[in-house]
A.B. asks: 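The following block contains the structure, expressed as C-alpha coordinates.
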Protein chains: 2
Amino acid sequence: MRISKAEATDSVNGSSLPRQRRTYSIGELARMFEVTPRTIRFYEQEGLLAPERRGQTRIYHEKDRVRLKLTLRGKRLGFSLAEIREVIEMYDAMPDGNARQLKRLLEILADKRSNMERQLEDIRLMQRELDDVEMRAREVLERLGQP
Amino acid sequence: MRISKAEATDSVNGSSLPRQRRTYSIGELARMFEVTPRTIRFYEQEGLLAPERRGQTRIYHEKDRVRLKLTLRGKRLGFSLAEIREVIEMYDAMPDGNARQLKRLLEILADKRSNMERQLEDIRLMQRELDDVEMRAREVLERLGQP
DNA sequence: CAACTACTTTACGTTAACGTCAACGTCGTC
DNA sequence: GACGACGTTGACGTTAACGTAAAGTAGTTG
(Lines give C-alpha, C1' and ligand atoms only; values in the text may rest on other atoms or scores of the structure.)
Protein backbone atom coordinates (compact mmCIF):
# COMPACT_ATOMS: atom_id res chain seq x y z
CA MET A 1 0.00 0.00 0.00
CA ARG A 2 1.82 3.01 -1.28
CA ILE A 3 0.76 6.52 -0.49
CA SER A 4 0.98 8.33 -3.79
CA LYS A 5 -0.59 11.67 -4.39
CA ALA A 6 -0.29 13.01 -7.93
CA GLU A 7 -2.52 11.06 -10.31
CA ALA A 8 -3.04 14.04 -12.58
CA THR A 9 -6.52 15.49 -12.32
CA ASP A 10 -8.87 14.85 -15.20
CA SER A 11 -12.32 13.37 -15.54
CA VAL A 12 -12.78 10.01 -17.16
CA ASN A 13 -14.92 10.68 -20.15
CA GLY A 14 -16.48 14.11 -19.63
CA SER A 15 -13.90 15.80 -21.80
CA SER A 16 -15.34 19.17 -22.69
CA LEU A 17 -12.16 20.38 -24.31
CA PRO A 18 -10.71 18.03 -26.93
CA ARG A 19 -7.20 19.43 -26.57
CA GLN A 20 -6.35 15.76 -26.59
CA ARG A 21 -3.50 15.32 -29.02
CA ARG A 22 -1.03 14.91 -26.21
CA THR A 23 0.97 11.71 -26.05
CA TYR A 24 3.27 10.29 -23.42
CA SER A 25 6.43 8.27 -23.25
CA ILE A 26 6.59 5.36 -20.87
CA GLY A 27 8.86 7.34 -18.58
CA GLU A 28 6.52 10.30 -18.37
CA LEU A 29 3.62 8.08 -17.53
CA ALA A 30 5.69 6.24 -14.96
CA ARG A 31 6.61 9.45 -13.15
CA MET A 32 3.06 10.73 -13.36
CA PHE A 33 1.69 7.77 -11.47
CA GLU A 34 4.74 6.99 -9.42
CA VAL A 35 5.28 3.54 -10.84
CA THR A 36 8.23 2.13 -12.78
CA PRO A 37 8.34 1.59 -16.53
CA ARG A 38 8.64 -2.08 -15.75
CA THR A 39 5.22 -1.99 -14.15
CA ILE A 40 3.68 -0.38 -17.19
CA ARG A 41 5.23 -2.89 -19.55
CA PHE A 42 4.01 -5.64 -17.29
CA TYR A 43 0.47 -4.32 -17.43
CA GLU A 44 0.70 -4.33 -21.19
CA GLN A 45 1.92 -7.90 -21.18
CA GLU A 46 -1.08 -8.76 -19.03
CA GLY A 47 -3.43 -7.21 -21.55
CA LEU A 48 -4.34 -4.09 -19.59
CA LEU A 49 -2.74 -1.67 -21.99
CA ALA A 50 -2.15 -1.66 -25.71
CA PRO A 51 -0.20 1.45 -26.63
CA GLU A 52 0.65 2.50 -30.15
CA ARG A 53 4.13 1.76 -31.45
CA ARG A 54 6.44 4.06 -33.29
CA GLY A 55 9.06 1.56 -34.36
CA GLN A 56 10.00 -0.18 -31.17
CA THR A 57 8.96 2.63 -28.94
CA ARG A 58 5.64 2.77 -27.13
CA ILE A 59 3.46 5.83 -27.53
CA TYR A 60 0.72 6.38 -24.97
CA HIS A 61 -2.41 8.44 -25.60
CA GLU A 62 -5.07 9.80 -23.28
CA LYS A 63 -6.99 6.59 -23.51
CA ASP A 64 -4.00 4.64 -22.28
CA ARG A 65 -3.43 7.06 -19.47
CA VAL A 66 -7.01 6.73 -18.30
CA ARG A 67 -6.75 2.97 -18.40
CA LEU A 68 -3.64 3.04 -16.34
CA LYS A 69 -5.31 5.32 -13.84
CA LEU A 70 -8.31 3.03 -13.53
CA THR A 71 -6.03 0.05 -13.21
CA LEU A 72 -4.11 1.58 -10.34
CA ARG A 73 -7.29 2.62 -8.64
CA GLY A 74 -8.61 -0.89 -8.98
CA LYS A 75 -5.43 -2.20 -7.46
CA ARG A 76 -5.73 0.06 -4.47
CA LEU A 77 -9.17 -1.41 -3.95
CA GLY A 78 -7.69 -4.87 -3.93
CA PHE A 79 -8.72 -6.12 -7.34
CA SER A 80 -6.32 -8.40 -9.14
CA LEU A 81 -4.96 -7.46 -12.52
CA ALA A 82 -6.91 -10.35 -14.00
CA GLU A 83 -10.18 -8.99 -12.65
CA ILE A 84 -9.43 -5.54 -13.90
CA ARG A 85 -8.55 -6.86 -17.31
CA GLU A 86 -11.78 -8.78 -17.50
CA VAL A 87 -13.79 -5.62 -16.99
CA ILE A 88 -11.69 -3.62 -19.42
CA GLU A 89 -12.03 -6.27 -22.09
CA MET A 90 -15.78 -6.43 -21.74
CA TYR A 91 -16.03 -2.71 -21.75
CA ASP A 92 -14.11 -2.55 -25.01
CA ALA A 93 -16.20 -5.29 -26.56
CA MET A 94 -19.41 -3.56 -25.50
CA PRO A 95 -20.70 -1.79 -28.60
CA ASP A 96 -21.02 -5.07 -30.46
CA GLY A 97 -21.24 -7.31 -27.44
CA ASN A 98 -23.85 -10.04 -27.50
CA ALA A 99 -26.49 -10.29 -24.81
CA ARG A 100 -24.80 -13.09 -22.95
CA GLN A 101 -21.58 -11.16 -22.61
CA LEU A 102 -23.40 -8.06 -21.49
CA LYS A 103 -25.30 -9.92 -18.81
CA ARG A 104 -22.06 -11.43 -17.65
CA LEU A 105 -20.63 -7.93 -17.46
CA LEU A 106 -23.56 -6.77 -15.35
CA GLU A 107 -22.95 -9.71 -13.04
CA ILE A 108 -19.34 -8.77 -12.59
CA LEU A 109 -20.27 -5.18 -11.92
CA ALA A 110 -22.78 -6.21 -9.29
CA ASP A 111 -20.09 -8.33 -7.72
CA LYS A 112 -17.65 -5.44 -7.57
CA ARG A 113 -20.37 -3.28 -6.12
CA SER A 114 -21.09 -5.59 -3.24
CA ASN A 115 -17.39 -5.89 -2.74
CA MET A 116 -17.17 -2.14 -2.31
CA GLU A 117 -20.15 -2.05 0.00
CA ARG A 118 -18.32 -4.42 2.19
CA GLN A 119 -15.18 -2.33 2.03
CA LEU A 120 -17.14 0.74 3.02
CA GLU A 121 -18.40 -1.10 6.06
CA ASP A 122 -14.91 -2.36 6.82
CA ILE A 123 -13.58 1.15 6.64
CA ARG A 124 -16.22 2.44 9.02
CA LEU A 125 -15.45 -0.31 11.50
CA MET A 126 -11.74 0.14 11.13
CA GLN A 127 -12.04 3.84 11.72
CA ARG A 128 -13.79 3.16 14.98
CA GLU A 129 -11.00 0.84 16.00
CA LEU A 130 -8.47 3.50 15.19
CA ASP A 131 -10.43 6.07 17.18
CA ASP A 132 -10.45 3.69 20.09
CA VAL A 133 -6.77 2.83 19.96
CA GLU A 134 -5.82 6.44 19.51
CA MET A 135 -7.86 7.47 22.52
CA ARG A 136 -6.21 4.91 24.72
CA ALA A 137 -2.79 5.88 23.44
CA ARG A 138 -3.47 9.53 24.21
CA GLU A 139 -4.66 8.65 27.67
CA VAL A 140 -1.47 6.81 28.45
CA LEU A 141 0.59 9.65 27.07
CA GLU A 142 -1.39 12.00 29.28
CA ARG A 143 -0.59 9.95 32.35
CA LEU A 144 3.06 10.14 31.39
CA GLY A 145 2.81 13.89 31.62
CA GLN A 146 3.69 14.42 27.99
CA PRO A 147 1.09 16.29 25.98
CA MET B 1 -10.89 -10.81 -3.08
CA ARG B 2 -13.21 -13.33 -1.61
CA ILE B 3 -16.84 -12.61 -0.88
CA SER B 4 -17.40 -14.01 2.56
CA LYS B 5 -20.42 -13.26 4.64
CA ALA B 6 -20.45 -14.79 8.10
CA GLU B 7 -17.92 -13.13 10.39
CA ALA B 8 -19.95 -13.81 13.50
CA THR B 9 -21.56 -10.69 14.88
CA ASP B 10 -20.06 -9.26 18.02
CA SER B 11 -18.70 -5.87 18.99
CA VAL B 12 -15.02 -5.42 19.55
CA ASN B 13 -14.75 -4.42 23.15
CA GLY B 14 -18.18 -3.30 24.22
CA SER B 15 -19.00 -6.65 25.74
CA SER B 16 -21.90 -6.08 28.06
CA LEU B 17 -22.31 -9.75 28.86
CA PRO B 18 -19.14 -11.47 29.99
CA ARG B 19 -20.38 -14.92 29.07
CA GLN B 20 -16.89 -15.21 27.67
CA ARG B 21 -15.64 -18.63 28.73
CA ARG B 22 -16.16 -20.01 25.26
CA THR B 23 -13.14 -21.39 23.44
CA TYR B 24 -12.63 -22.53 19.89
CA SER B 25 -10.68 -25.15 18.04
CA ILE B 26 -8.73 -24.16 14.98
CA GLY B 27 -11.28 -25.85 12.78
CA GLU B 28 -14.21 -24.00 14.29
CA LEU B 29 -12.50 -20.70 13.84
CA ALA B 30 -11.57 -21.59 10.29
CA ARG B 31 -15.16 -22.35 9.34
CA MET B 32 -16.39 -19.25 11.13
CA PHE B 33 -14.28 -16.98 9.02
CA GLU B 34 -14.14 -19.10 5.92
CA VAL B 35 -10.40 -19.57 5.95
CA THR B 36 -8.34 -22.73 6.24
CA PRO B 37 -6.59 -23.92 9.38
CA ARG B 38 -3.37 -23.47 7.45
CA THR B 39 -4.09 -19.77 7.22
CA ILE B 40 -4.64 -19.49 10.94
CA ARG B 41 -1.45 -21.32 11.74
CA PHE B 42 0.37 -19.11 9.30
CA TYR B 43 -0.92 -16.01 11.05
CA GLU B 44 0.36 -17.39 14.32
CA GLN B 45 3.75 -18.04 12.79
CA GLU B 46 3.76 -14.43 11.64
CA GLY B 47 3.07 -13.23 15.14
CA LEU B 48 -0.54 -12.20 14.66
CA LEU B 49 -1.98 -14.78 17.00
CA ALA B 50 -0.71 -16.51 20.11
CA PRO B 51 -3.31 -19.05 21.21
CA GLU B 52 -3.09 -21.10 24.36
CA ARG B 53 -1.89 -24.67 24.11
CA ARG B 54 -3.38 -27.73 25.67
CA GLY B 55 -0.56 -30.17 24.99
CA GLN B 56 0.05 -29.81 21.28
CA THR B 57 -3.37 -28.52 20.48
CA ARG B 58 -4.21 -24.85 20.06
CA ILE B 59 -7.02 -23.37 22.11
CA TYR B 60 -8.47 -20.08 20.94
CA HIS B 61 -10.30 -17.63 23.18
CA GLU B 62 -12.43 -14.59 22.44
CA LYS B 63 -9.36 -12.42 22.33
CA ASP B 64 -7.86 -14.55 19.61
CA ARG B 65 -11.07 -14.56 17.64
CA VAL B 66 -11.26 -10.79 17.73
CA ARG B 67 -7.68 -10.53 16.59
CA LEU B 68 -8.35 -12.82 13.71
CA LYS B 69 -11.38 -10.81 12.76
CA LEU B 70 -9.42 -7.57 12.80
CA THR B 71 -6.64 -9.19 10.83
CA LEU B 72 -8.98 -10.32 8.09
CA ARG B 73 -10.65 -6.95 7.98
CA GLY B 74 -7.26 -5.31 7.65
CA LYS B 75 -6.44 -7.66 4.82
CA ARG B 76 -9.59 -6.75 2.94
CA LEU B 77 -8.48 -3.17 3.23
CA GLY B 78 -5.18 -4.05 1.62
CA PHE B 79 -2.89 -3.99 4.63
CA SER B 80 -0.06 -6.47 4.71
CA LEU B 81 0.23 -8.94 7.55
CA ALA B 82 3.39 -7.15 8.64
CA GLU B 83 1.56 -3.85 8.96
CA ILE B 84 -1.26 -5.44 10.87
CA ARG B 85 1.16 -7.15 13.21
CA GLU B 86 2.93 -3.89 13.90
CA VAL B 87 -0.28 -2.30 15.07
CA ILE B 88 -1.27 -5.31 17.14
CA GLU B 89 2.10 -5.45 18.82
CA MET B 90 2.02 -1.80 19.74
CA TYR B 91 -1.50 -2.10 20.98
CA ASP B 92 -0.50 -4.94 23.27
CA ALA B 93 2.55 -3.06 24.51
CA MET B 94 0.44 0.01 25.19
CA PRO B 95 -0.22 0.01 28.93
CA ASP B 96 3.51 0.15 29.69
CA GLY B 97 4.59 1.64 26.40
CA ASN B 98 7.06 4.47 26.52
CA ALA B 99 6.28 7.82 24.98
CA ARG B 100 8.34 7.24 21.86
CA GLN B 101 6.52 4.03 21.04
CA LEU B 102 3.17 5.63 21.63
CA LYS B 103 3.96 8.52 19.34
CA ARG B 104 5.10 6.06 16.73
CA LEU B 105 1.78 4.29 17.13
CA LEU B 106 -0.11 7.54 16.60
CA GLU B 107 1.90 8.10 13.45
CA ILE B 108 1.00 4.72 12.10
CA LEU B 109 -2.64 5.29 12.92
CA ALA B 110 -2.62 8.62 11.11
CA ASP B 111 -1.07 6.88 8.15
CA LYS B 112 -3.77 4.23 8.07
CA ARG B 113 -6.38 6.91 8.36
CA SER B 114 -5.17 8.81 5.32
CA ASN B 115 -4.95 5.51 3.54
CA MET B 116 -8.61 4.92 4.21
CA GLU B 117 -9.58 8.41 3.20
CA ARG B 118 -8.03 7.69 -0.12
CA GLN B 119 -9.83 4.40 -0.37
CA LEU B 120 -13.12 6.11 0.33
CA GLU B 121 -12.45 8.49 -2.52
CA ASP B 122 -11.38 5.60 -4.75
CA ILE B 123 -14.59 3.80 -3.96
CA ARG B 124 -16.70 6.81 -4.80
CA LEU B 125 -14.92 7.26 -8.11
CA MET B 126 -15.09 3.58 -8.88
CA GLN B 127 -18.81 3.50 -8.15
CA ARG B 128 -19.33 6.25 -10.69
CA GLU B 129 -17.41 4.28 -13.25
CA LEU B 130 -19.55 1.26 -12.54
CA ASP B 131 -22.70 3.33 -12.85
CA ASP B 132 -21.48 4.59 -16.18
CA VAL B 133 -20.51 1.20 -17.56
CA GLU B 134 -23.72 -0.35 -16.34
CA MET B 135 -25.79 2.35 -18.02
CA ARG B 136 -24.09 1.81 -21.33
CA ALA B 137 -24.47 -1.92 -21.04
CA ARG B 138 -28.18 -1.60 -20.34
CA GLU B 139 -28.60 0.71 -23.30
CA VAL B 140 -27.03 -1.79 -25.62
CA LEU B 141 -29.16 -4.57 -24.19
CA GLU B 142 -32.20 -2.39 -24.74
CA ARG B 143 -31.31 -1.92 -28.37
CA LEU B 144 -31.04 -5.68 -28.66
CA GLY B 145 -34.65 -5.93 -27.59
CA GLN B 146 -33.83 -7.97 -24.51
CA PRO B 147 -34.94 -6.45 -21.20
C1' DC C 1 -9.76 -52.46 18.37
C1' DA C 2 -10.26 -50.59 14.04
C1' DA C 3 -11.73 -46.87 11.66
C1' DC C 4 -12.74 -42.00 11.76
C1' DT C 5 -12.04 -37.41 12.56
C1' DA C 6 -9.55 -33.51 13.92
C1' DC C 7 -5.34 -31.92 15.20
C1' DT C 8 -0.07 -31.50 14.86
C1' DT C 9 4.79 -30.42 12.49
C1' DT C 10 7.91 -30.24 8.55
C1' DA C 11 8.83 -29.08 4.17
C1' DC C 12 8.42 -28.10 -0.42
C1' DG C 13 5.28 -25.90 -4.16
C1' DT C 14 2.66 -22.08 -6.14
C1' DT C 15 0.87 -17.59 -7.72
C1' DA C 16 0.77 -12.62 -8.46
C1' DA C 17 3.18 -8.67 -9.25
C1' DC C 18 6.63 -6.91 -10.07
C1' DG C 19 12.41 -6.07 -9.42
C1' DT C 20 16.80 -6.55 -11.38
C1' DC C 21 20.25 -7.29 -14.68
C1' DA C 22 22.26 -7.93 -19.24
C1' DA C 23 22.80 -6.56 -23.75
C1' DC C 24 21.41 -3.73 -27.18
C1' DG C 25 19.41 0.39 -30.23
C1' DT C 26 18.57 5.59 -30.75
C1' DC C 27 18.62 10.09 -29.99
C1' DG C 28 20.59 14.86 -28.82
C1' DT C 29 24.62 17.37 -27.56
C1' DC C 30 29.08 18.77 -26.04
C1' DG D 1 32.32 10.49 -31.85
C1' DA D 2 31.84 9.55 -27.18
C1' DC D 3 28.50 10.24 -23.56
C1' DG D 4 24.31 10.15 -21.17
C1' DA D 5 19.42 9.71 -21.05
C1' DC D 6 15.86 6.99 -22.46
C1' DG D 7 13.91 3.17 -24.76
C1' DT D 8 13.70 -2.05 -26.03
C1' DT D 9 13.50 -7.38 -25.15
C1' DG D 10 14.53 -11.44 -22.68
C1' DA D 11 15.32 -13.98 -18.59
C1' DC D 12 15.88 -14.96 -14.02
C1' DG D 13 15.06 -13.43 -8.95
C1' DT D 14 12.06 -12.10 -5.13
C1' DT D 15 8.33 -11.55 -1.78
C1' DA D 16 3.88 -12.33 0.43
C1' DA D 17 0.50 -15.39 1.52
C1' DC D 18 -0.79 -19.15 1.60
C1' DG D 19 -1.61 -24.51 -0.69
C1' DT D 20 -0.47 -29.19 -0.49
C1' DA D 21 1.37 -33.47 0.78
C1' DA D 22 3.57 -36.63 4.17
C1' DA D 23 3.68 -38.62 8.42
C1' DG D 24 2.49 -38.74 13.00
C1' DT D 25 -0.68 -38.13 17.50
C1' DA D 26 -5.14 -38.09 20.32
C1' DG D 27 -9.84 -38.77 21.21
C1' DT D 28 -14.41 -41.26 20.31
C1' DT D 29 -17.47 -44.15 18.24
C1' DG D 30 -19.65 -48.41 16.34
Side-chain angles (χ1 to χ4, degrees), chain A residues 1-4 22-61 64-65 67-89 115, chain B residues 1-4 22-61 64-65 67-89 115:
Chain A
M1 279 281 145
R2 226 16 23 117
I3 309 185
S4 56
R22 178 124 173 60
T23 69
Y24 309 88
S25 74
I26 195 170
E28 286 178 294
L29 226 54
R31 265 163 300 173
M32 256 182 162
F33 291 99
E34 298 186 297
V35 299
T36 68
R38 173 70 176 104
T39 298
I40 297 181
R41 290 195 198 97
F42 180 72
Y43 288 173
E44 176 176 350
Q45 177 183 323
E46 296 298 298
L48 293 166
L49 297 172
E52 190 197 336
R53 294 277 183 146
R54 183 123 51 225
Q56 286 265 80
T57 309
R58 294 167 172 86
I59 311 282
Y60 298 88
H61 297 181
D64 302 307
R65 215 209 47 183
R67 271 204 191 180
L68 178 53
K69 186 174 62 174
L70 292 179
T71 298
L72 294 174
R73 183 180 298 152
K75 278 213 59 191
R76 285 194 303 268
L77 295 178
F79 298 122
S80 72
L81 296 184
E83 289 175 303
I84 296 170
R85 183 189 50 204
E86 197 175 6
V87 172
I88 287 184
E89 276 175 359
N115 201 313
Chain B
M1 278 281 143
R2 226 16 23 118
I3 308 182
S4 56
R22 180 127 172 58
T23 70
Y24 309 88
S25 74
I26 195 171
E28 285 177 295
L29 226 52
R31 263 162 301 171
M32 257 181 161
F33 291 99
E34 298 185 298
V35 299
T36 67
R38 173 69 175 105
T39 298
I40 297 181
R41 291 194 198 99
F42 181 72
Y43 289 173
E44 176 176 350
Q45 178 183 323
E46 295 298 296
L48 293 166
L49 297 172
E52 188 197 336
R53 295 277 183 148
R54 182 124 52 227
Q56 287 264 80
T57 309
R58 296 167 171 85
I59 310 282
Y60 298 88
H61 296 179
D64 302 306
R65 215 209 48 183
R67 271 203 190 180
L68 178 53
K69 187 175 57 173
L70 293 179
T71 297
L72 294 174
R73 183 179 298 152
K75 278 213 60 192
R76 285 194 303 268
L77 294 178
F79 298 122
S80 71
L81 296 185
E83 290 175 303
I84 296 170
R85 182 190 48 205
E86 197 176 6
V87 172
I88 288 184
E89 277 176 359
N115 200 315

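A note on names: the letters A, B, ... follow the listed sequences, proteins ahead of strands, and every chain is numbered from 1.
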A.B. asks: Return the CD to OG distance between B:Glu86 and B:Ser80, rounded to the nearest 0.5 Å.
C.D. replies: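 Separation between the atoms: 9.0 Å.
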A.B. asks: Given B:Leu68 and B:Leu72, is the side chain to side chain contact (heavy atoms under 4.5 Å, CB included) satisfied, shown in steps?
C.D. replies: CA-CA 6 Å; B:Leu68 178 53; B:Leu72 294 174; 4.1 Å; yes
A.B. asks: Is there a side-chain contact between B:Arg65 and B:Met32, using heavy atoms and a 4.5 Å cut-off?
C.D. replies: yes
A.B. asks: Determine to 10° how strongly the helix from C:dC1-D:dG30 to C:dC30-D:dG1 is bent, judged from the axes of its five-pair ends.
C.D. replies: 10°
A.B. asks: How long is the span from the CD1 atom in A:Ile26 to the CZ atom in A:Arg38, to the nearest 0.5 Å?
C.D. replies: 10.0 Å
A.B. asks: Please round to the nearest 0.5 Å and tell me the distance separating atom CD1 of B:Ile88 and atom OG1 of B:Thr71.
C.D. replies: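 Interatomic distance, B:Ile88 CD1 to B:Thr71 OG1, rounded to 0.5 Å: 4.0 Å.
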A.B. asks: Side-chain N or O of A:Thr36 less than 4.0 angstrom from OP1 or OP2 on C:dC18?
C.D. replies: no
A.B. asks: Using every non-hydrogen atom in the two residues, find where A:Tyr24 and A:Glu28 come nearest and quote the distance to one decimal.
C.D. replies: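 It is CA-OE1, 3.3 Å.
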A.B. asks: Taking 5' to 3' order, which nucleotide of DNA chain D is first and which is last to have an atom within less than 4.0 Å of a heavy atom in chain A?
C.D. replies: D:dG7 to D:dT9
A.B. asks: Check whether any side-chain heavy atom of A:Arg85 lies under 4.5 Å from a side-chain heavy atom of A:Leu81, and answer yes or no.
C.D. replies: no
A.B. asks: Residues from residues 42-51 of chain B sitting under 4.0 Å of DNA chain C, heavy atoms only?
C.D. replies: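 Output list: empty, so none.
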A.B. asks: Report yes if the side chains of B:Asn115 and B:Phe79 come closer than 4.5 Å at any heavy-atom pair, otherwise no.
C.D. replies: yes
A.B. asks: Can you sort out the partners of A:Glu52 under side chain to side chain donor-acceptor pair (under 3.5 Å), two or more places apart, ordered by chain and number?
C.D. replies: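 Once residues adjacent in sequence are excluded, the partners of A:Glu52 under the side chain to side chain donor-acceptor pair (under 3.5 Å) criterion are A:His61.
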A.B. asks: Cut-off 3.5 Å, no hydrogens considered: what does the side-chain donor-acceptor table look like for residues 39-50 of chain A, sequence neighbours left out?
C.D. replies:
unit_1  : atom_1 : unit_2  : atom_2 : d
A:Thr39 : OG1    : A:Thr36 : OG1    : 3.1
A:Glu44 : OE1    : A:Arg58 : NE     : 2.6
A:Glu44 : OE2    : A:Arg53 : NH2    : 3.3

A.B. asks: Do any N or O atoms of the protein come closer than 3.5 Å to N or O atoms of nucleotides 6-13 of chain C, and which pairs are they?
C.D. replies:
unit_1 : atom_1 : unit_2  : atom_2 : d
C:dC7  : OP1    : B:Ser25 : OG     : 2.7
C:dC7  : OP1    : B:Gly27 : N      : 3.2
C:dT8  : OP1    : B:Arg58 : N      : 2.8
C:dT8  : OP1    : B:Arg58 : NH1    : 3.1
C:dT8  : OP2    : B:Arg41 : NE     : 3.1
C:dT8  : OP2    : B:Arg41 : NH2    : 2.9
C:dT8  : O5'    : B:Arg58 : NH1    : 3.3
C:dT9  : OP1    : B:Arg53 : NH1    : 3.0
C:dT9  : OP1    : B:Arg53 : NH2    : 3.3
C:dT9  : OP2    : B:Arg58 : NH1    : 2.8
C:dT9  : OP2    : B:Arg58 : NH2    : 2.8

